[in-house]
Each structure stands twice: as structure tokens, then as C-alpha cells.
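In what follows, every heavy atom counts, from backbone to side chain, and hydrogens, waters and symmetry copies are set aside. Since this is a predicted model, take the numbers as computed values, not measurements. Sequence lines set the chain letters: A, B, ... in the order given, protein chains first and strands last, and positions in each chain run from 1.
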Protein chains: 2
Amino acid sequence: MPSLDHASALRHAGLRVTAPRLATLEVVSELPHADAESVAQAVRDRLGTVSRQAVYDILNALTDAEILRRVSVGGRSMRYELHRHDNHHHLVCTECGRLEDVPCTVGHAPCLTPAEDHDFEIEVAEVVFRGRCSRCRETLTATAP
Amino acid sequence: MPSLDHASALRHAGLRVTAPRLATLEVVSELPHADAESVAQAVRDRLGTVSRQAVYDILNALTDAEILRRVSVGGRSMRYELHRHDNHHHLVCTECGRLEDVPCTVGHAPCLTPAEDHDFEIEVAEVVFRGRCSRCRETLTATAP
DNA sequence: CATCTATCTGGACTCACTCAAGAAAACGTC
DNA sequence: GACGTTTTCTTGAGTGAGTCCAGATAGATG
């Protein structure tokens, strides 16, 4: 029962268990890397009316509680995924925007240390790999020689 | 004379040499990691009126020409720096947003290869290190024990 | 069940950026 | 240097993502 797990995750973080929050967690686990608007739409599909503000509040609260992880891959909108505490990275297609997870070989953050730390206390290293997915490579070689 | 270099860089890329473009290049070299609005403001300080649209067009054209590099470190706005073709990375303070360059030990892209490539043809690996800078660490330990 | 306070609603607003049409200015050619 | 072509810039409106605010609602605690 995923929603039971979700409910206990919420309670664990000291957050109230509400229908919009449970729906948000279900949506994010079914549509990983969804942006806020997609999450809002999918939540509305299950519950009827849910305000944009509620969705943003939820996404922010759950991100702060480390139940969700917010990822920025360069586009204008943030993407959300369940926080699996595995410090994995992302692979983005420069043509179509397709987004895949890449397991981190180290597993825990920070998986890399910079050559020079500028006296920062490094917490995480986020890596975004950019390239062309197989589908886009085929399309491009078919049209452009 | 930096503006001579800038002018030839523009001509090399097949772009016309205009005052707003030269000013933009000067501004970006003086204020690395500036966002579009800061660039626009600094360009206006030198030239008088320059439209927002002109600045965005310039930043896009110069980024396409690989004279500038656009970097996204998670905030809402894009940052710009001179493209040095060295594939360096960035270090961001999670408290104050301070942004530093980190040299890439490999030097050319992609400096890393993912554990699993999902049949992508990887072009670059962009790494963002997040942590606390020394200044913010001091401030935090002073107020919160 | 009552109360308290976290959460959600609705609506206005900001910010970063884009679109479109026409005016202005670079560059190549005479 | 003047001319015409084409790129670049101006003006002004528009979009998408996200935030702010005041008040209504509904989990949690006693």
C-alpha cells in the first residue's frame, strides 16, 4: 500500500496527512520528473479542485522534509521525484528533453570532490549529463545527412 | 584591448559588431555569472538606453555562437560567463548563493561518463557542487549553536 | 467535541523570458 | 561615400513558473 507508506512518511516529518498531499506523493511516484504544473493537473484529476498554491506549498514542504527531491536540469521549471537518498544523477536529451536517472556509483553525497573547494563545506555534487538519446540520433541522421 | 578581441570573436562567428554586443561582452567579462537583468543594467550604465529584448537577443546569439556560456545553477535565472572551452564546473553556496568556478581536472567535455548511458550519446557533464561558504559557516555558528 | 494551528482557496502579483512588427544600423558593393 | 540587403535593436504586449496575501477549512491534540 503506497499511500500508507506516504502517510507515515508525512507523519514522520511532522506534517499533517491530507488528501492533496497523499495525491501529490502518488502522482510523483507515478510520474517521476514531473514539473509542478503536471503534478497539479494529475492531482486535480484524482481529487477535483486543488489550487495551484496548495500544490506549490506541498511540493515545497515535502522537499524541505526530504520526502521529495527537487531537480533542476536547466529548463525553466523544477522537476520533482521521490527522494530516495541515493544521490543519483540525471541524463538529459538536448533535443527532446527526455530525462533519465543515472545511478551514482558512489551512492552517497557528495560523490565527487572539486579540484578546489574555495573553503566551502561541500554537501552535494549534482551532475547533469547532456547528450542525444538514441531516438533523436536516428531522427537526425534520417533527415540531416 | 579587450574590445578588439571581442570584436574579432564576433566577426569570427559571423555576427555583426555592434555597441550593445561589445558592451555585453565587456560586462560579462567583468561580472562573471551575472544574470540577464544585471547584464542589461550594466550595459545601460555604459551606453544609455538598451532594450531588454536586445540584451536577451545578444545573450542568446552569443551563447549559440559559443562566445558565452549559459549556466544554470538551480535558481530561476540563467547566468552568463565568457566561454573558455575548459568545461569547468561551479560551486554554489546554499545560504547566500555565492558562485565560484571550479576547474575541471580533465579539462575537456565530457569529463565524466555515467555508470549507465541509456543509449545516449553524452556530450557534456555539468557538475554543480553545493555547500556552505566560509563566510556563511561563520555567521551560522555565531548565531545558531 | 473544542480548540488550535497547519493547510488550502482564490486572486492578484512578480520575475524571467519570449513573440511580433517595424525602425535603425552594419556590412558588402558600387 | 551612397545604396541596398540583412541583421540587429526598439517598443510593447504576452506567457509560464512561481510567490504573496487574507481568509476559509480541516487535521491533530487535549
Side-chain angles (χ1 to χ4, degrees), chain A residues 3-4 6-25 27-28 33-44 46-65 67-68 70-80 97, chain B residues 3-4 6-25 27-28 33-44 46-65 67-68 70-80 97:
Chain A
S3 58
L4 274 186
H6 293 154
S8 58
L10 287 169
R11 262 189 274 270
H12 237 259
L15 295 169
R16 292 186 181 171
V17 178
T18 66
R21 286 181 174 176
L22 291 174
T24 298
L25 284 168
V27 164
V28 173
H33 310 135
D35 60 22
E37 262 313 302
S38 311
V39 172
Q41 198 46 61
V43 166
R44 280 183 207 115
R46 316 188 171 218
L47 301 184
T49 310
V50 177
S51 68
R52 182 183 341 120
Q53 189 55 48
V55 175
Y56 278 102
D57 283 353
I58 291 168
L59 292 172
N60 287 332
L62 301 198
T63 301
D64 289 347
I67 295 172
L68 295 182
R70 198 198 319 267
V71 321
S72 161
V73 291
R76 278 203 277 171
S77 54
M78 295 298 184
R79 313 303 198 84
Y80 293 88
Chain B
S3 58
L4 275 185
H6 293 155
S8 57
L10 289 168
R11 262 187 275 268
H12 238 258
L15 295 169
R16 292 186 179 171
V17 178
T18 67
R21 286 181 173 175
L22 292 174
T24 297
L25 283 168
V27 165
V28 173
H33 310 135
D35 61 21
E37 261 314 302
S38 311
V39 172
Q41 198 46 60
V43 167
R44 280 183 206 115
R46 325 193 161 212
L47 300 184
T49 310
V50 177
S51 68
R52 179 181 344 117
Q53 189 55 48
V55 174
Y56 278 101
D57 282 353
I58 291 167
L59 292 172
N60 287 333
L62 301 198
T63 301
D64 289 348
I67 294 172
L68 295 182
R70 199 197 320 266
V71 324
S72 161
V73 291
R76 278 204 279 174
S77 54
M78 296 296 184
R79 313 303 199 84
Y80 294 88

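- The side-chain hydrogen bond (donor to acceptor under 3.5 Å, both in side chains) pairs that include a residue from residues 47-59 of chain A are Q53(A)-D57(A), where partners are two or more places apart or lie in different chains.
- When heavy atoms are screened at a 4.0 angstrom cut-off, R21(A) is found touching the sugar-phosphate backbone but no base atom.
- As rounded to whole Å, 13 Å separates atom P of dA26(D) from atom CG of L47(A).
- Atom-to-atom, CG of L15(B) to P of dT6(D) comes out at 17 Å; the value is rounded to the nearest Å.
- The side chain of V17(B) has dC27(C) as its nearest neighbour among dC8(C), dC27(C), dG18(D).
- Side-chain contact, S38(B) with D35(B): a donor N or O sits under 3.5 Å from an acceptor N or O.
- Residues V73(B) and H33(B) have side chains not in contact (no heavy-atom distance under 4.5 Å, counting atoms from C-beta outward).
- Distance, R76(B) CZ to dG16(D) C1': 11 Å, rounded to whole Å.
- Of the candidate nucleotides dT11(D), dC17(C), dG18(D), dG18(D) has the atom nearest to the side chain of R52(A).
- With values rounded to the nearest 0.5 angstrom, Y80(B) atom OH is found 8.5 Å from L68(B) atom CG.
- For M78(A), whose side chain is taken as the heavy atoms from C-beta onward, the closest listed nucleotide among dT9(C), dG18(D), dT15(D) is dG18(D).
- Among the nucleotides dC9(D), dG10(C), dA16(C), the one closest to any side-chain atom of E37(B) is dA16(C).
- For T18(A), the listed nucleotide lying nearest its side chain is dT7(C); candidates were dT9(C), dT7(C), dA28(D).
- Taking 4.0 angstrom as the limit, Y56(B) places a side-chain polar atom (N or O) nearer than this to OP1 or OP2 of dC17(C).
- Within residues 57-65 of chain A, the residues that have a heavy atom under 4.0 Å from DNA chain D are, in order of number, N60(A).
- Of the two residues contacting DNA chain D, namely Q53(A) and D35(A), the nearest-nucleotide position lying further toward the 5' end is that of D35(A).
- Mapping V55(A) and R16(A) onto DNA chain C via the closest heavy atom, the residue that lands nearer the 5' end is R16(A).
- R21(B) contributes a side-chain N or O that, together with a main-chain N or O of R16(B), makes up a donor-acceptor pair within less than 3.5 Å.
- Two residues are said to be in side-chain contact when any heavy atoms from C-beta on lie closer than 4.5 Å; V27(B) and R46(B) meet this criterion.
- Taking 4.5 Å as the limit, some side-chain heavy atom of L15(A) sits within range of a side-chain heavy atom of L62(A).
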